[in-house]
Every structure is written in structure tokens, then in C-alpha cells.
A.B. asks: 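Submitted below is the structure of interest, expressed as C-alpha cells.
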Amino acid sequence: MKARVTVTLKTGILDPQGKAIEGALRALGIEGIASVRQGKMFEIELDGTADRAKAEALLKQAADKLLANTVIENYRVDVLG
Amino acid sequence: MKARVTVTLKTGILDPQGKAIEGALRALGIEGIASVRQGKMFEIELDGTADRAKAEALLKQAADKLLANTVIENYRVDVLG
Amino acid sequence: MLPNDTPITPELVAEHGLKADEYERILKLIGRAPTLTELGIFSAMWNEHCSYKSSKVHLRGLPTKAPWVIQGPGENAGVIDIGDGLACVFKMESHNHPSYIEPYQGAATGVGGILRDVFTMGARPVACLNALSFGAPGHPKTRHLVGGVVAGIGGYGNSFGVPTVAGSVRFHARYDGNCLVNAMAVGLAHKDQIFYAAASGVGMPIVYLGSKTGRDGIHGASMASAEFGEDSEEKRPTVQVGDPFSEKLLLEACLEIMAKGCVIAIQDMGAAGLTSSATEMGAKGDLGVTLDLDKVPCREEGMTAYEMMLSESQERMLMVLKPEKEKEAEAIFRKWGLDFAIVGETTPTKRFIVKHGGQVMADLPIKELGSQAPEYKRPFVSAAKLPVIEAEDVTAPKGTAEALEILLATPDLCSKRWVWEQYDHVIGGNTVQRPGGDAAVVRVEEGPKALALTTDVTPRYCEADPFEGGKQAVAECWRNITAVGATPLAITDNLNFGNPERPEIMGQFVGCVRGIAEACKALDFPVVSGNVSLYNETNGKAILPTPSIGGVGLIADFTRSASIAFKREGEAILLVGETTGWLGQSMYLRDICGREDGAPPPVDLTEERENGDFVRALILDGTATAAHDLSDGGLLVALAEMAIASGIGATLTAAPTDIPEHAFWFGEDQARYLVTVPAAKADAVIARARETGVLAAHVGVTGGDALLIEGERPLPVARLRHQFEHWLPAYMAGEL
Amino acid sequence: MKAAVLVFPGINRERDMARTLKLVSGQAPAMVWHAETALPAGTDLVVIPGGFSYGDYLRCGAIAARSPVMDAVRAFAAKGGLVLGVCNGFQILCEAGLLPGVLMRNQQLRFICRDVYLKVERSNTPFTRGYNAGQVIRVPVAHGEGNYIADGETVARLEGEGRVLFRYCSPDGMVDPNWNHNGAINAIAGIVNERGNVLGMMPHPENHVEASIGPTDGRGLFAGLAEALAKAA
Ligand SMILES: Nc1ncnc2c1ncn2[C@@H]1O[C@H](COP(=O)(O)OP(=O)(O)O)[C@@H](O)[C@H]1O
Ligand SMILES: [Mg+2]
């Protein structure tokens, strides 16, 4: 089974990297971009289990314990099947 | 207008980050994860324009020039509206 | 992927970078058509990068011996004796082509590769250096390459945990299509615990260590030897991604099992991965090797024998273990979380046999794979010598003060702080002299001994006169080491040139190598390791001939080493060496007069040695308080650098007499140094110089906060510093 | 002083730290492997050195923060034991929840290695008793992600409770964006936890302790700690 966990910065947390990318895009002459926020994405391959709910629980655990720093980040789990 | 650019490593390209995360999840006792590959995600806010095609073209340009390293990464543009 | 028994067509041969006559040689050698895997093996072993087929005959002319040389060229790295039972292990290697295609990963894996070469021999890396050449600043790719390469070198070295302490960076349009990334690593080992590649004993297990094998850089080694065409950016060959974290674990694991006495032979997997490491271990040990690829840890599914043999996945090693230590070694590797697999054994047959899925995919004579590689005496022509430019014939378009300010802000002469601040240069706690001076000084363990390290070459001299340029590269390296008070011991070289099949390029190569050999002999500065990178050209346009020289010197007590900064006000500034005002090929001629021509300054090696020995003695007996060698930009640029490093100005009293003023200040005569000494000692030092046949002259006094030159406006040090520091950051920020 | 230096895979300044502890306190620290579940008996100082634990993959310090040995560190800190985290160590402490906030990419998005100036905000702590309040010290930094950020409330608490011990400043002690190389909020270089026994800082005082090599401004921190521990014992 395949799944995806996306991790994004909470609103209000400064994103220096996103800011720098905004600047760099402008420097490259790419106009029309108001803001950029950078996040992470994990493409995860799960062993065997066809049980969606179980997979979701597992991934939530993975995100809570490691993939996201919940002090500053939000996450979202998508089981793709 | 909002959009999202997702950047992932091409198949076959070594992903040391993913590898380290796999190991860490295992060490945390989270079983059932076969593999992890890490990608990036950019949440982008566009100025004004309601023209989808134009927005897409702009983001493609941004991805080609900066957001993705097209030698080793693939990207995908989603205009969310 | 083609099957192993694919008929070998001329197209397939050509695609593997083998010439028709080279293929004939293969047929003769094995008496039949090769399998696909075998063809791949030959292509990897016989390409320029691994076989040195164009350069070998000339490299034999390099001096490689000295009483302190423990291991010269021929192993993963050179080894010299530095006393007290310690050895210094070092080498330089290029990662030019990969860095042009993917600057971050290309440079990173270049650093990873050279670090592996050093710790494979049992040494703990203690310093990294690099020599970088980029295209013209205005070329659309240059900024991107500089940013990526520098970040990649830092990214790998910083994470691995070795200080990157010195290097060089230059810009020139001739590197537009081919940047050069030469990385050097230096390690320390116990003299009696050096490890080599030669296997010994029949039936010994061959162990695969480190990361898993993927389809990285297949054809990387062949790529490194192929000229670029217009379409090279489209081809996008598989790029290797570096994993400094795994390499750090590999280092610790290797040093641990070496210390436990488990290792008979060890070889890292660099270019041509499993192929060259396995054959080298067998060939050097007069043994055969059989590999069972079913045992090789793979990262990807369905990898063929061909792919596994040519993969250039990083952070891998091959080792012959003492059979009784197998369990112990495996436990150590597991502890570090690394793969460990027995993938073959040594045999008495001198055959290299590769099995996969129960089938023999390759069966080749192991020694001949290396020893029977083609060796070429390629035709070469030497370019006509350029005329000597007389200083009188060059009119000064600008005043001295203005010229200095301009020169300090040129891409080649400006501060490279933007680069070396991205390298952790203090980790280890042994960096006595950081980047920015002549040579870096790195304390050896608890001291007081220290190594002096530098990389040097002046490609525009090499282009104008390969022989003198080759000499000059070595001499400048020797001079930089001398200028910190150390005794130069040995070098590693990285010879970067264009297409050797062109006689004029081969002429550059031959000239430079001869010049290097001559200088090394005269200065007792043997070559103990090195690397050749040819075919650095795009659409028939070659790079400037660039033989990077990496030098290692030793100082008995690092607290005696000299730095370039003025130390206090009121000291005498002395110029050591003869000044004729040589403007040919100088930075002044190029960047102020807009002319890149003339013969480069000749290098008198006897003078070089005498002047250097004199300066070193002044430093070691505590007379000299600061020292700086003169190179690009000449006397006034060197003076400015000493002032900028200290914040102390100077009043220059020397008035050129028989030399035009601009030639005096900016000429690039060789074998020169600036030293400061307490004012009261100046006359005695000049007299001492005269007695030993060395020229030394009083050129000024330190003090104040500006450089004062007669007849010129004062040059505040703060302003000079701004000129010196601003160009690179501004350029990289896209402001220029 | 009975120090324990934690060693995670990928940590690379553990030798620098061990050498400095030995040099200043006279006693070599114990080197403790990440898989251990207990600290050596009698440990009175835990040091988490710099480096790239687990390659700094995912987030700096994230994987190390979840190692078995960190449970022992948490228990040690809860009993009031002194914990010092430098550079990657600071990042690990934040990820482990022992300190608030997070270290983001440097504002310039580049790794920076250079000497910086720090203003010592307080001297009445076991970590800074070797300095005077307001003193400016010069120590090196070497990091790509040292840009300290926390939410406004947390920062206000840190400031209000005097928990910022080190701040980037100019050579004459002025807090100035030009001297805040990584863009950290309020130029924060080092903070302590509520109880004051856990310090995290980005700069490397352990690399500035030998006069023959360079400045020695880092010594005060270790000398002060040794004194504090000797007094406590
Ligand atoms: N220009 C050179 N000068 C001296 N020695 C050289 C030179 N080029 C290569 N060598 C030596 O030849 C051997 C093979 O080099 P190389 O193929 O680069 O090593 P590796 O397989 O470790 O990458 C090494 O011992 C190296 O030191
Ligand atoms: Mg090698």
C-alpha cells in the first residue's frame, strides 16, 4: 500500500526558506508570486496490510513521533491505496 | 490564486534522507513501513491573475529554474484555484 | 537492458568509448568476443580516467621518491613520514564533469571520493582542500555552478566532520563549458598501520561494506573521459548523490576494524566501482577474484551484472578480511548500521570471474585488465613561445592607487571569504591558520607539530608557456608552505587538460608535466599521488591547462608559524627576492591593460630555494613577525593583503629606480616574499641576506590606518578591505 | 566534574568537546553511545556535542532526539542535572522538547563558519558564572540551521524570565542585525530551560580554549561549570 504524509509549517511560524525562495524567484524575473511556503512530503510504501484504517493509524503515529515537529508543523496523512 | 508544486526524487536516485527516516521509524518501534522517500512541497500564493493556464506556465518556469533540480528531481504543478 | 550474450556490434563498442583498435586488442587478449558485462568492464578499465592511457608515459618522468616518502603513486593515496611514528596520507582528485552537470552533488561526491581514498589507507582525515576553476562571471551558468559547487563541498565535508582549510578559486572564460572541481584530502595514520589494496592468501573472503548498490553513475567513469557536446545537458546521465552521513559511519567502522586487526587488504569503490576495486585487489596481490553478484546488497530491483559492475554508488568499500575475524568485523559494521556481505573470494587462478544467477557473466584475465590497457604516445606539438613584454612598452592606463583598488576587486584577486565561510574550517580544534593566508596550518594531534597545506596553479602562465607554468605551479605551492615557516615535503597533483588527441593539447600536457618534474626535483618536493583529468573541452574549446598542485609541509612547532597579517606598528617591511617588473601574463596586464599576452615570468629554481630557505629561517628564529609570498597581482597586492588582514597600514618608502612604477608595484617576478621585522633588526637582516646571496630590500614601515605611496592619494585600509571583500558576495547575490 | 558526552551516529564534534572538557577540568568525560539506556553512575554534566546526527536528515536533531539515551537525559534533567547542548546538541534539545523553539535554516540559506561575538546576558548561572554579565566573548559558529525561532509568547517568556544567556552582538556589545549572522529572533544564540539547568547554544565555545591556537573566550563556560560542580559536590 502507498501513502503520503505532507508536513507544513503552522501559520504564524516564520519560514526563512520560503522567504528566500520568494526573493530568488523575483531575482530570476519570475513575477506574480505573492508568497511561498515550503513543506515536506513523504512517499511511504507500507508492508502488506490492506487495512486502510490501520495504515492511517500507523502513519499518524509516525508523523506524531517523528515526521513532523508538532510544535511548529502540521501534517496530513493520505493513504493512496 | 493558490497553487502547489511538489518535487520528488527521480526513481533510482539515492535518497539518504528517506533511508535514515526508515531506520529511525524502525528504531521507534513503528513496524510495517517498507520504504520512505522524501520530497518537497511548495505552497504558493499567486498575485491576482485568475488565468489558470498562465499561472501554470509561471509555476512551471519557477519549478524549472529554481524549485526543482531537474537533473535529479521531478516536479508536479497543481493550481488549486 | 540488453542480455549478457548480446552480440557486440561496432556501435556498441563505440558507445562504450572504445576505439576499433582497442576492441581488436580485447579480442586478441581474450581470444573471443566479450560478453556485454565484459565489454562494460573493459570500457571502465580502459577509459582514460582509470587507465591513464594518454598520460602514463609522461607521468613516469615525475620524481616520486625521497627518504620521507613511504608510498608514492600507485595506491589510493600517497603517504609520507612526518616523524614520531606518524604518517600523512593525502591525494587530490577531480570531479569536473559531474560537477558541471549537477554542481552540488558532483562536488559533494568528489569530496566523498577523495576522503574515502584517504581513510581506506587507515588514516583519519584531518583536512580537506580544493581548487576550483569557473567560467567568466558573466557567463549565464557561472553563478549557479559556483553556488552549487561550494555548497556541495561544504555540505559533504561539514557533515562528515573534516575541516576544509584551504583552496583556490579562479574565473576565466575558458572554463565556461567545463568547470574544474579538484578536491584534496589529508589524513593522519600510524606509520606501521597503513593499509593497502593488494590481496593476499587464496580462498580469503572478499567483503562488501557500506551503502547499497544502485544504478548511480553507470557510465560515470566513461562520462568523465568523454568530451562534452552541445547535447550533454540533455543527456542527463545518472547522477550520484552523496551521503556524508553514511560515509562518516563508514570511516568510523573502517578505522575500528583496522584497529582490531581484521583487515588484509582494502580498496574503496570509486570510479568504475566494483570492477576496478575487485580487479585491483586481485591484480596487485597476484591472485584471482571470483565475485558472486547475488550477494551484493542492492538498492534497486532487477539490477543486471552489467549494472552492478559499473555502478558508481558512493560510500562503498571492498575488503579482504582475515577469515577468523569475520564475526568481529561484521558486528562492528552492524553496530554502525552498515551493510556487510561476503561477495566473493580470492583464487589462485588470476582470473576475474563474475557470477550472477548461477551463471558466469564475465571471465577475464585479471592482471591484463590493468596491465594490458592501451598506452599511447600521442603526438604533441609545443606552441611557439610568446615574446617577452618589456615593462617600458606597457603604458600605465591608470594611477597606482586606482589600479590597486581595481585589482583587489577583480574576481581572481578578491577575497574568497564567501566561499570558505561555507566550509567548517575550525572543527577538530587544530586549525592554527585558517583560510585566507598563504598555507593553512593544522596542528597534528596534540602538537607542537603541524602540517602546512595549500593548492596552487596559475593556468594563464601554463597556457603561455606550459613548461614554465608547470614549474611555477610547484614553486608557488612550495613558496606558500615556506611562507608560514614550514618545510615543504611532498605534493599531489591534479592535471586538468583538454582533449589529448589534439597534439597542441598534448603539447601543453607534456610541457606542464616536464615543468612539474623539474621543479619537484630542484625543490626536493616529490609527487606521491595525483590524478589526471583530460577531455575538459566543449565543442573543441579546451580549458586553460590547469595542473593543480596540492602541497604538504611540516613545521616542528606551530606556535612559530608566521601569518600574513602585520603584527604591530613601526616594523620594517622587507622585500626578499629580485624585482625586474615582469608584466607579461600579469594580472595587471590582463585586468588593467586588457591584454592577456606575453611570456610568463620565468622561475629560477635555485633562487626560489635560496630565498625560501632564507625566509623560513627568519620565521623560525622569530625574526620575521609576518610573511607573505608574492604571486598574482605582485608586490602591492600582497602588501594590501597584509594590511587588510591586520587593519594596520603602511608607509611605502621604496621608490622604484630603474623600473617603471606600475611594473615595480604590479609585476609578477617569482621567488619573492614580503616579511616584516622589528625596525631595529632590519639592517642586520638585509646584511644577513646579502651574505647568503639573497636580495632583500627595505620597502616600507607598518603603521597608521592607510597605505601611503609617494605621489598617490592615501589608501585607507578600511576602503581597501571593502574593495577586497565586496565583489564575490555581491556577485553571488546577483547584484553584479 | 564527571561529564558524559553523548555520541550519536553522525555527531562529529565529540572529540573537540572531550578534549576541551579534559583540558579545562582535568578530567576526561565518558563517551556515551546513543543506544545506551542509562548514563554512567555519578554523571554530573551531560554534554550533547555538535555535528550532523543522522546526517541532519528530516530535521536537524530530530532523529537523535528520539534515541534511547535521551530518555535517560530527560530523567537526569528532571532531577536538576546540568545539560549542555552545543550546535547540533541545541537542535537535539529543542527536538526532544527539553528546550522550547526550533532552529531554522540560516537567513542567508548558507552554512556559515566564522567567529562571532556574543553578549553574555547573565553571569549568575552555572553555565555563565565564568563570565561577567554584559561581557562580550568571541567564539566560532559553524552551522547551516541556527536561526532560532519560537512563537511570540515563548520568546516573551524567555526574555521575561532572563532565560536568554547569549546573544549575537557587535564586537562592542551592540545587538545589531549586521552581527546576527543567522537571523535568529532577538539575536538569540543560547537559552536555558525554566529551571535553568539545561542550556542550548549554537556557537562552539569548545573550539576557543587554547591560547596557542587562537582566542580563549570559550574557556569561561567550561571553567565556570567545573567550579559550579565542584561547589555542589
Ligand atoms: N598526475 C599524477 N601524478 C602522480 N600520480 C598520479 C597521477 N595521476 C594518478 N596518479 C596515481 O595513480 C594512481 C591511480 O589514480 P586514480 O585512478 O586517480 O586513483 P583512484 O582509483 O583511487 O581514483 C594513484 O595512486 C594516483 O596517486
Ligand atoms: Mg581510490
Side-chain angles (χ1 to χ4, degrees), chain B residues 3-47 54-78, chain C residues 98-106 108-109 112 140 143-144 147-148 151-152 155-156 159-160 210-218 232-249 297-303 307 311-316 334 336-339 734:
Chain B
R4 187 168 47 212
V5 177
T6 14
V7 177
T8 51
L9 279 176
K10 289 187 178 167
T11 18
I13 297 282
L14 176 71
D15 178 12
Q17 307 226 37
K19 216 173 63 180
I21 295 167
E22 276 170 42
L25 287 172
R26 223 164 288 134
L28 282 171
I30 298 178
E31 305 284 341
I33 288 182
S35 81
V36 179
R37 283 178 78 76
Q38 179 167 344
K40 286 182 210 135
M41 207 203 32
F42 301 91
E43 298 178 300
I44 296 176
E45 195 75 58
L46 292 158
D47 280 335
K54 235 173 97 186
E56 236 165 68
L58 184 78
L59 291 169
K60 278 218 165 100
Q61 208 191 348
D64 274 322
K65 284 207 186 164
L66 185 72
L67 302 179
N69 176 353
T70 51
V71 179
I72 53 173
E73 295 170 329
N74 293 322
Y75 67 84
R76 189 192 141 130
V77 170
D78 295 291
Chain C
S99 300
Y100 188 78
I101 290 164
E102 208 314 89
Y104 185 96
Q105 296 298 346
T109 50
R143 190 179 285 116
H144 164 74
Y156 207 101
S159 174
F160 180 84
S211 299
K212 294 190 195 324
T213 297
R215 291 189 175 92
D216 313 76
I218 291 180
S232 65
E233 288 179 53
E234 299 323 314
K235 266 191 224 141
R236 306 240 145 113
T238 339
V239 174
Q240 309 150 29
V241 168
D243 181 0
F245 170 58
S246 292
E247 178 132 317
K248 163 81 169 153
L249 304 182
C298 284
R299 200 173 79 225
E300 297 180 58
E301 276 172 32
M303 288 189 68
E307 290 172 322
S311 162
E312 294 195 344
S313 290
Q314 300 287 299
E315 293 89 24
R316 303 180 299 162
R334 299 277 179 235
W336 288 100
L338 295 165
D339 270 301

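Numbered from 1 within each chain, the chains take letters A, B, ... in sequence-line order.
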A.B. asks: Go through the structure and list residues passing salt bridge (Lys or Arg N to Asp or Glu O under 4.0 Å) with Glu56(B), not counting sequence neighbours.
C.D. replies: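 Salt bridge (Lys or Arg N to Asp or Glu O under 4.0 Å) check on Glu56(B) returns nothing, list empty.
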
A.B. asks: Report, as yes or no, whether the 6.0 Å neighbourhood of atom CZ on Arg334(C) holds more than 12 heavy atoms from other residues, nucleotides or ligands.
C.D. replies: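 Counting neighbours around CZ of Arg334(C), more than 12 heavy atoms of other residues, nucleotides or ligands fall under 6.0 Å, so yes.
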
A.B. asks: The criterion is salt bridge (Lys or Arg N to Asp or Glu O under 4.0 Å); which residues satisfy it with Arg299(C), sequence neighbours excluded?
C.D. replies: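 Listed in chain order: Asp216(C).
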
A.B. asks: With a 4.5 angstrom heavy-atom cut-off, which part of Asn69(B) approaches chain C: side chain, backbone, both or neither?
C.D. replies: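 For Asn69(B), the side chain is the part near chain C, not the backbone.
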
A.B. asks: Select all residues of residues 16-27 of chain B having any heavy atom within less than 4.5 Å of some heavy atom of chain C, and report them by number, or 'none'.
C.D. replies: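 Result: Pro16(B), Lys19(B).
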
A.B. asks: If the condition is salt bridge (Lys or Arg N to Asp or Glu O under 4.0 Å), which residues does Asp64(B) pass it with, not counting sequence neighbours?
C.D. replies: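 With neighbours one apart ignored, the set is empty.
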
A.B. asks: Please report the shortest heavy-atom distance between Ile13(B) and Val239(C), naming the atom on each side.
C.D. replies: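 It is CD1-O, 3.8 Å.
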
A.B. asks: Would you mind checking which part of Leu14(B) comes under 4.5 Å of any heavy atom in chain C, side chain (CB onward), backbone (N, CA, C, O), both or neither?
C.D. replies: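 The answer is both parts of Leu14(B).
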
A.B. asks: What part of Ser313(C) gets within 4.5 angstrom of chain B, counting heavy atoms only: side chain, backbone, both, or neither?
C.D. replies: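 For Ser313(C), there is no contact with chain B at all, as no heavy atom is under 4.5 Å.
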
